[in-house]
*Asks:* 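Just dropping this structure here.
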Amino acid sequence: MRMSQAFIPTEKEAPKDAVLPSHIYLTRAGFIAQVASGLYNLMPLGKRVLKKIETIINEEMARAGAQEVELSFVTPAELWEESGRIEKFGKELLRFRDRKENLFVLGPTHEEMMVNLVRNRVNSYKQLPLNLYQIKTKFRDEARPRFGLMRAREFVMKDGYSFHTSYEDLDREFDAMEAAYKRVLERLGLDFRIVEADSGAIGGSGSKELMVLADSGEDTLAVCDRCEYGANIEAARRSERREIPEAPEADFNKFATPGIKSIEDLGSFFHVDPYYTLKAVAKRAIYEEGDEVVVFFLRGCDDLQEVKAVNACGALDLVDVSEEELSALGLVPGFIGPLDLDTVRTIFDADVKGAANMICGANETDYHFVGVDLSVLPEAAQYAALYEVKEGDGCPVCDGKLSYTKGIEVGHIFKLGTVYSAPLGAQFLNENGKAEPFVMGTYGMGVSRLIAAVIEQHHDEKGCVWTKATAPYLVNLMISNIKDEEQVALAESLYASLQAAGVDVIMDDRKERFGFKAKDAELVGYPLTVIIGKELANGIVQFFDRAEDTKTDVPSSEAFARIMEWIG
RNA sequence: CGGGAUGUAGCGCAGUAUGGUUAGCGCACCAAGCUGGGGGCUUGGGGGUCGCUGGUUCGAGUCCAGUCAUCCCGACCA
């Protein structure tokens, strides 16, 4: 491409609405242009990057034996009613009627559509397993689109679905997809982590997220400093505690604790480690039908992880409860304890099961119990992991320590089982001629989000720094002075040779000054800019490596060979 | 959906408090010339329903009401 003819509208100033580096630079460098909230046009450079990512995904999917399809973007609402998700997805589903008044939705994800495609077409175990995917525009009417391509309403996603006769076979495919996704991200040149994730209300036995590590990531991850373990904070686990504080000596007793409501105060009042105090967190659990107050108990040194709490009580959501509501249930905020507490549902963190020497609220204003042995709790008490992992906690798989980092979720794979196939009646006949629902897996990857993720991870104060695999053009031939015939001649010759060699090359043949072109090259972020300028008089051109931010002199006669060598 | 802010040329902004010539500035754009290694200079140009609707007024970018849009914080996010 000749830059003099290219549509690459770069801008000196960032749009005032942009906050994230990816949003700022992709806009300034002429990759994307916003149309409305959460809607973006991709300009030529943006489209080229998208295609590169798509190509890599397609190659890895082909290698993994998945087949590409393309499902219609507009999907009949009946399918969503059939699966029951039309309510669940709520306002994120953009609905509309056609001229015959039939209701449709713009697909936010395509489980229903894919199951619908396969059911009644695949009806024998002999036709399984099957892995179908597409790379397609999706639409989710997000309550709050933001961060440019990172959280847009319309976006491009690779979504794959696999169909199996058994959970064992699903496990095999799940692992294969994890490996394939890993290769995709490695090829893109990204620093990432595959982490354990919350499966959400959908359930399923396994769920992993692919996280590109970047400070601007919206997810908090707990990662091990020694091994590969990583998990979304919502699902993170830790090893058994090794250092248990010395236990306070006290017989069971009721103690006056005037005004001592917080764990911190309680600890200093009794001079005990918060480990031996019992924290009570009351929430209102919202169910599909009805709601109730649930009190979660955990050690004072731990904090409640809300997603784990939601899963533990099977609620759709947890909301805060007012002190008045608690009082109405006979609960005394600041003094809530588990003993003889039968007016509300309670759930205990597994770590307090059978704990002794505990201090807990007495369900009476200004009183706590000391020397409590929680083995007195009824057999039927519910225990679950409720704690949130903290930095410094032990890794659950090795001797390492966990620390927090931020990640951008660019992929999510999980084992669906029969969650969709059963309600949608998608079945096959097994070896015994008996009908069974497909066992399914689903594998998503945010393709347009990956464009932003690359820049979040690879940029500096001057602009984008594309990786070799994602760059819109790998090599930029910059003619310093377009009036210099010698410079033009060399550039033209290199341009032709590189094109013939199949290299993605662009030539800056604009009638602009050196500085302008240099700034532009840095902003757009071509991995290699070959500066053909005044040094050519001495037989020298310069290689500007964007990622390394270095300039290297190269004899002009060796330019082509050295470019090919640089590409590798 | 709660809280906050902003809409003036393609982009970034001033002007609005206290209504009053022809609505300004920088960048970008067009023309000519100079310049040619870090977004260069000079001269001359083009480009505006001041988000929209209604109201107050002799007169509204400016005041009032409504409305739409966009962004930020939070809630939400298979």
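Letters go in sequence order (proteins before strands), and every chain restarts at 1. Only heavy atoms go into these numbers, but all of them, side chains included; no hydrogens, no water, no symmetry mates.
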*Asks:* Can you check the distance between B:G37 and B:G26, where both ends of the measurement are the C1' atom (answer in whole Å)?
*Replies:* 26 Å

*Asks:* Could you let me know what B:A17 is paired to, Watson-Crick or G-U wobble, both distances under 3.5 Å, or none if it's on its own?
*Replies:* none

*Asks:* Considering only heavy atoms and no angle criterion, is a donor-acceptor pair shorter than 3.5 Å present between the side chain of A:R144 and the base of B:C1?
*Replies:*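 Such a pair does not exist between side chain and base.
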
*Asks:* If B:C34 has a Watson-Crick or G-U wobble mate with both distances under 3.5 Å, name it; if not, just say none.
*Replies:*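 Partner of B:C34: B:G40.
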
*Asks:* What is the separation between atom CE on A:M150 and atom P on B:C72, rounded to the nearest whole Å?
*Replies:*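 Going from CE in A:M150 over to P in B:C72 covers 12 Å.
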
*Asks:* Taking only the side-chain heavy atoms of A:Q542 (C-beta and beyond), determine which of B:G37, B:C11, B:G38 contains the nearest atom.
*Replies:* B:G37

*Asks:* Which base sits across from B:U22 as a Watson-Crick or G-U pair, both distances under 3.5 Å?
*Replies:* none

*Asks:* Calculate the interatomic distance between A:R146 atom CZ and B:G4 atom C1'; express it in whole Å.
*Replies:* 15 Å

*Asks:* Return the value, rounded to whole Å, for the distance between atom NZ of A:K511 and atom C1' of B:A31.
*Replies:* 13 Å

*Asks:* Quote, to the nearest angstrom, the P distance that separates B:A60 from B:C41.
*Replies:*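 Result for the P pair: 41 Å, nearest Å.
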
*Asks:* Nearest to the side chain of A:R513, heavy atoms from C-beta on, is which of B:G38, B:G40, B:U70?
*Replies:*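 When the side chain of A:R513 is considered, B:G40 is the closest of B:G38, B:G40, B:U70.
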
*Asks:* Please measure how far the P atom in B:G55 lies from the corresponding atom in B:A9, and state the result in whole Å.
*Replies:*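 It comes out at 25 Å once rounded to the nearest Å.
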
*Asks:* For A:V35 and for A:N481, find the nucleotide of RNA chain B with the closest heavy atom, then tell me which residue's nucleotide is more 5'.
*Replies:*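 Nearer the 5' end of the strand: A:N481.
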
*Asks:* Atom CZ of A:F147 and atom P of B:G74: how far apart are they, to the nearest Å?
*Replies:*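 Answer to the nearest Å: 8 Å.
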
*Asks:* According to the Watson-Crick and G-U wobble definitions, with both distances under 3.5 Å, which nucleotide is paired to B:U53?
*Replies:*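 In the structure as shown, B:U53 has B:A65 as its Watson-Crick or wobble partner.
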
*Asks:* By the definition side chain to side chain donor-acceptor pair (under 3.5 Å), identify the one residue from A:E68, A:H110, A:K158, A:E70 that meets it with A:Q134.
*Replies:* A:H110

*Asks:* Using a heavy-atom cut-off of under 4.0 Å over every strand shown, decide if A:V319 touches base, sugar-phosphate, or nothing.
*Replies:* nothing

*Asks:* In whole Å, what separates the C1' atom of B:G48 from that of B:C25?
*Replies:*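 Pairwise C1' distance, B:G48 against B:C25, rounds to 15 Å.
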
*Asks:* Would A:F516 count as stacking on B:G39 if stacking means ring centres less than 5.5 angstrom apart and planes tilted under 30 degrees?
*Replies:* no

*Asks:* From NZ of A:K12 over to P of B:C29, roughly how many Å is that when rounded to an integer?
*Replies:*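 Interatomic distance, NZ of A:K12 to P of B:C29: 10 Å.
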
*Asks:* Scan A:D484 against the nucleic acid and name what it touches under 4.0 Å (heavy atoms): base, sugar-phosphate only, or nothing.
*Replies:* nothing

*Asks:* On the 0 to 90° scale, with breaks at 30° and 60°, tag the A:Y40-A:H23 ring pair as parallel, tilted or perpendicular.
*Replies:* perpendicular

*Asks:* Whole Å only: how far is the NE2 atom of A:H23 from the P atom of B:C11?
*Replies:*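 Computing the A:H23:NE2 to B:C11:P distance gives 13 Å.
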
*Asks:* With hydrogens left out and only the distance checked, is there a donor-acceptor pair under 3.5 Å joining A:K551's side chain and the base of B:G38?
*Replies:*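 Yes, the side chain and the base share a sub-3.5 Å donor-acceptor pair.
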
*Asks:* For the P atoms, the ones on B:G4 and on B:G24, what distance do you get once it is rounded to whole angstrom?
*Replies:*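 Result for the P pair: 36 Å, nearest Å.
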
*Asks:* The criterion is side-chain hydrogen bond (donor to acceptor under 3.5 Å, both in side chains); which residues satisfy it with A:S162, sequence neighbours excluded?
*Replies:*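 Testing A:S162 for side-chain hydrogen bond (donor to acceptor under 3.5 Å, both in side chains), a comparison that skips the adjacent residues, returns A:H164, A:Y443.
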
*Asks:* Classify the ring geometry of A:F163 against A:F438: parallel below 30°, tilted from 30° to 60°, perpendicular beyond 60°.
*Replies:* perpendicular

*Asks:* Identify whether the distance between the nearest side-chain nitrogen and carboxylate oxygen of A:D484 and A:K534 falls below 4.0 Å.
*Replies:* no

*Asks:* Taking only the side-chain heavy atoms of A:A143 (C-beta and beyond), determine which of B:G37, B:G40, B:C76 contains the nearest atom.
*Replies:* B:C76

*Asks:* Rounding to the closest angstrom, what is the interatomic distance between B:U49 and B:G61 at atom C1'?
*Replies:*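 Going atom to atom, C1' in each nucleotide, I get 12 Å.
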
*Asks:* Record whether the side chain of A:E13 comes under 3.5 Å of the base of B:G26 through a donor-acceptor pair of N or O atoms.
*Replies:*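 Counting by modelled atom types and ignoring angles, a donor-acceptor contact under 3.5 Å is found here.
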
*Asks:* Looking for any heavy atom pair under 4.0 Å, which part of the strands does A:M157 touch: base, sugar-phosphate only, or nothing?
*Replies:*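 Contact class for A:M157: base.
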
*Asks:* Indicate, yes or no, whether a donor-acceptor pair under 3.5 Å links the base of B:G38 to the side chain of A:E512.
*Replies:*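 A donor-acceptor contact between them is absent.
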
*Asks:* If pairing requires Watson-Crick or G-U wobble contacts with both distances under 3.5 Å, which nucleotide is the partner of B:C71?
*Replies:* B:G4

*Asks:* Tell me whether A:K511 contacts the main-chain N or O of A:I482 through its side chain, where contact means a donor paired with an acceptor under 3.5 Å.
*Replies:*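 Checked: no pair found.
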
*Asks:* What integer number of Å spans the P atoms of B:U8 and B:C50?
*Replies:*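 These two P atoms come out 11 Å apart once rounded.
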
*Asks:* In whole angstrom, give the distance that lies between atom CZ of A:R28 and atom P of B:A28.
*Replies:* 13 Å

*Asks:* Quick one: does A:R153's side chain have a donor or acceptor within less than 3.5 Å of a partner on A:S37's backbone?
*Replies:*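 Yes: the side chain of A:R153 pairs with the backbone of A:S37.
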
*Asks:* Does B:A69 have its OP1 or OP2 closer than 4.0 Å to a side-chain nitrogen or oxygen of A:S37?
*Replies:*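 Result: no.
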
*Asks:* Can you tell me which nucleotide in B:C77, B:G38, B:C27 comes closest to the side chain of A:E142?
*Replies:* B:C77

*Asks:* Check the distance between B:G39's P and A:E461's CD and give it to me in whole angstrom.
*Replies:*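 Value for this atom pair: 16 Å.
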
*Asks:* The side chain of A:L523 is closest to which nucleotide in this list: B:G39, B:C71, B:C76?
*Replies:* B:G39

*Asks:* Of all the nucleotides listed (B:G37, B:U70, B:C72), which has the minimum atom distance to the side chain of A:A36?
*Replies:* B:U70

*Asks:* What are the two closest heavy atoms between A:F174 and A:F414, and how far apart are they?
*Replies:*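 Nearest pair, atom of A:F174 first, then A:F414: CE1-CA, 3.5 Å.
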
*Asks:* Given B:C71, is OP1 or OP2 found less than 4.0 Å from the side-chain N or O atoms of A:Q34?
*Replies:*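 Answer is yes, contact under 4.0 Å.
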
*Asks:* Which nucleotide in the set B:U6, B:C11, B:C72 lies at the smallest distance from any side-chain heavy atom of A:K16?
*Replies:* B:U6

*Asks:* Return the 5'-most residue of the pair A:A18, A:E306 with respect to RNA chain B, ranking by each residue's nearest nucleotide.
*Replies:* A:A18

*Asks:* Ignoring hydrogens and angles, are the base of B:G38 and the side chain of A:E522 linked by a donor-acceptor pair under 3.5 Å?
*Replies:* yes

*Asks:* Rounding to the closest angstrom, what is the interatomic distance between B:G3 and B:G46 at atom P?
*Replies:*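 Here B:G3 and B:G46 have their P atoms 48 Å from each other.
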
*Asks:* Ion pair present between A:R546 and A:D460, side-chain N to carboxylate O less than 4.0 angstrom?
*Replies:* yes

